[in-house]
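Notes follow once the structure below has been shown.
Keep in mind it's a predicted model, so treat the numbers as computed, not measured. Throughout, protein chains are lettered first and strands after them, A, B, ... in sequence-line order, and every chain is numbered starting at 1.
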Amino acid sequence: MLYEKHPVHLTNSLSGKKERLETIVPGHVGLYVCGPTVYSDVHLGNARTFMMFDLITRYLRHLGYKVRYVRNITDVGHLVNDADEGEDKIAKKARAEQLEPMEIVKRYTEGFHHVMRQFNILPPSIEPSATGHIVEQIEIVKRLLENGFAYEVNGSVYFDVTKYNTEHNYGILSGRVLEDLMESGRKLDSQDEKRNKVDFALWKKASPYHIMRWPSPWGEGFPGWHIECTVMSTKYLGDTFDIHGGGMDLKFPHHECEIAQAVGANGKSPVNYWIHANMLTVNGQKMSKSLGNSFLPQQLFDGNHPLLDRGYGAMPVRFFMLQSHYSSTLDFSNEALGAAEKGFKKLSNALGIVKKLQHPGKANADNALTETLLKLIDDLYTNMSDDFNSARTLAVLFEMASRINDFKSGNVSLQTVDADTFEQFKAAYIGFMEDVLGLREEEEHNQELLNNVIGVLIDLRKKARQDRNFPLSDKIRDDLKRMGVQLMDGKEGEMSYTID
RNA sequence: GGUCUCGUGGCCGAGUGGCUAGGCAGAGCUCUGCAAAAGCUUCUACAGCGGUUCGAAUCCGCUCGAGACCUCCA
């Protein structure tokens, strides 16, 4: 198997070190990634994280692993803002728009899926939703109460972090020290039900006007902010599974709480390898809604945003993101995207070329060249297996693209490589471009481009007709017709067209 | 304030102590009716100061600068 030949090493956030991937069941990988909260549009920064885990999944599968990829949809928990401030605004707005929560969930889930498709991000194997697992969440809260790591107050249940920390290590992932956490930050409100401010909600009692509510042993309420991930990950992947991923900003408290909940309930550490994707930044600052520097993928495609000089295609953007390592911050800029666009075009052109290249069969192989080509193929795996280094992998692909261009132009004859080597080379280039990196040829003939192209032909035809060069004008019309574009002449010499 | 990360050439970005990252941009050349594409050649680095080492962008310390988390955030 390829994964035996090219064992994967990945940086485990738990240890901070690069470790060799040893899966629980040989040949299988259980992967859980925290999905979006579907109460607003996903922005470009969000998309980056999902793209990075798409890359990881694609590569693991390419190596021959059977990957069960679970990515949730959070549709209850921190949706309705019941924080200290501002809850009235949201409640008012929801009422004003007269929307059911599920209508909102549906709208943004579909929007999210649409964005995923645009970036060629493959769907997960399982996409569970928090509201579909209320029963399981209640069960695990019960177990935490039984095990003494939770307490009930007025119909709400909280996780007892201090108690947990006497037996386990709260902070094992994020490096936080409980005493420090107790000292910093805001103080415990006198009305607060928590015993300590570090405690977090497992189940919240629903206020009379709270719209999302379910019956529970503690009265009507809704689940807390972290419990859904613990439930959905362990339900589908087991009490201990291989890899858990998410954005860097979820490391604390979200992932730390997940560990505490799982350990508290099941008595074992839930995850062997934690992977955190870093943030997309704009002018050095994290892209986020609250800072007002975020934009939506659609705005990126249209160029419809003050930060954008113009629009960019989804594939060049994907290429742009793959040029940096998932664990590094990536700074967005028009200049960088413009450069990426050109770089991507180069690789994309070579992809189109290599697909058409046919080896003549006979060969007088040049050993040095053969070795070089085989080495390049090997480098693809070496770099991807080294913590999914897509940036280095792209560098290898650029080198391969140069070779492809040489074959195409005849600078280097295809006969200097034997057919088998060439087929391997070809398959590797196509495979890594399309299957592993998820980069496909730009073929989205957008309507505007097509219009303009046909416009040029129409102008030529008009000129030809004026010159009474009818053989040419007829050729243009006939050739286009064969492609399904019907030109129609109007009375005043204007032309229109239809496409089949 | 606490914890942590980062600072690479005009721009973006890889870099596991010793070997060219790569892309974009710039310069020259080849090819080309003109372009484009492609090919060849080429220039510009490692925030600063110390230290460890035969040798450091890479390890250690300090200084300066930027950022992330500590509240929902991918």
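- Rounded to a whole angstrom, the distance from the C1' atom of B:U42 to that of B:A68 is 40 Å.
- A cation-pi arrangement is present between A:Arg71 and A:Phe50 under the rule of less than 6.0 angstrom and at most 45 degrees off the ring axis.
- No donor-acceptor pair under 3.5 Å is formed between the side chain of A:Arg68 and the backbone N or O of A:Ile126.
- Across all strands shown, A:His276 has no heavy atoms under 4.0 Å from either base or sugar-phosphate atoms.
- For A:Ile353 and B:A36, the CD1 to C1' distance is 13 Å, given to the nearest whole Å.
- Aromatic ring orientation, A:His359 versus A:Phe422: tilted (interplanar angle from 30° to 60°).
- Out of B:C70, B:G39, B:C12, the shortest distance to the side chain of A:Ser402 is found at B:G39.
- Nucleotide B:U58 is matched to nothing when pairs are restricted to Watson-Crick or G-U wobble geometry with both distances under 3.5 angstrom.
- Spacing between atom CG of A:Asn278 and atom P of B:U5 amounts to 12 Å, rounded to whole angstrom units.
- A:Lys197 places a side-chain N or O within donor-acceptor distance of the main-chain N or O of A:Met182, the cut-off being under 3.5 Å.
- In this structure, A:Gly246 reaches the sugar-phosphate backbone alone: every heavy-atom distance under 4.0 Å involves primed, P, OP1 or OP2 atoms, never a base.
- The side chain of A:Asn405 places an N or O atom within less than 4.0 Å of a non-bridging phosphate oxygen (OP1 or OP2) of B:G39.
- Pairing partner, B:U5: B:A66, with both Watson-Crick or wobble hydrogen-bond distances short of 3.5 Å.
- When both pairing distances are held under 3.5 Å, B:U16 makes no Watson-Crick or G-U pair with any nucleotide shown.
- The phosphate of B:G67 has neither OP1 nor OP2 within less than 4.0 Å of any side-chain N or O from A:Lys286.
- Regarding contacts with the backbone of B:A37, every side-chain N or O of A:Lys408 stays at 4.0 angstrom or more from both OP1 and OP2.
- Judged by distance alone, the side chains of A:Ser385 and A:Tyr59 do bring a donor and an acceptor atom under 3.5 Å apart.
- Listed pair A:Ser328 / B:A14 meets the phosphate criterion, a side-chain N or O lying under 4.0 Å from OP1 or OP2.
- For A:Asn389, counting side-chain heavy atoms from C-beta on, the closest listed nucleotide (B:C73, B:A21, B:G15) is B:G15.
- Within the nucleic acid shown, A:Asp331 comes within 4.0 Å of sugar-phosphate atoms alone, with no base atom in reach, counting heavy atoms only.
- Residue A:Asn46 places its side chain closer to B:A74 than to any other of B:C70, B:A74, B:G15.
- Remark: A:Lys346 is in phosphate contact with B:C24, judged by side-chain N or O atoms under 4.0 Å from OP1 or OP2.
- Closest approach to the A:Gln285 side chain among B:A21, B:C70, B:G67 is made by B:G67 (side chain taken as heavy atoms from C-beta onward).
- Counting non-hydrogen atoms under 4.0 angstrom, A:Met287 reaches a base of the nucleic acid.
- If you check every strand for non-hydrogen atoms under 4.0 Å, A:Leu397 touches nothing.
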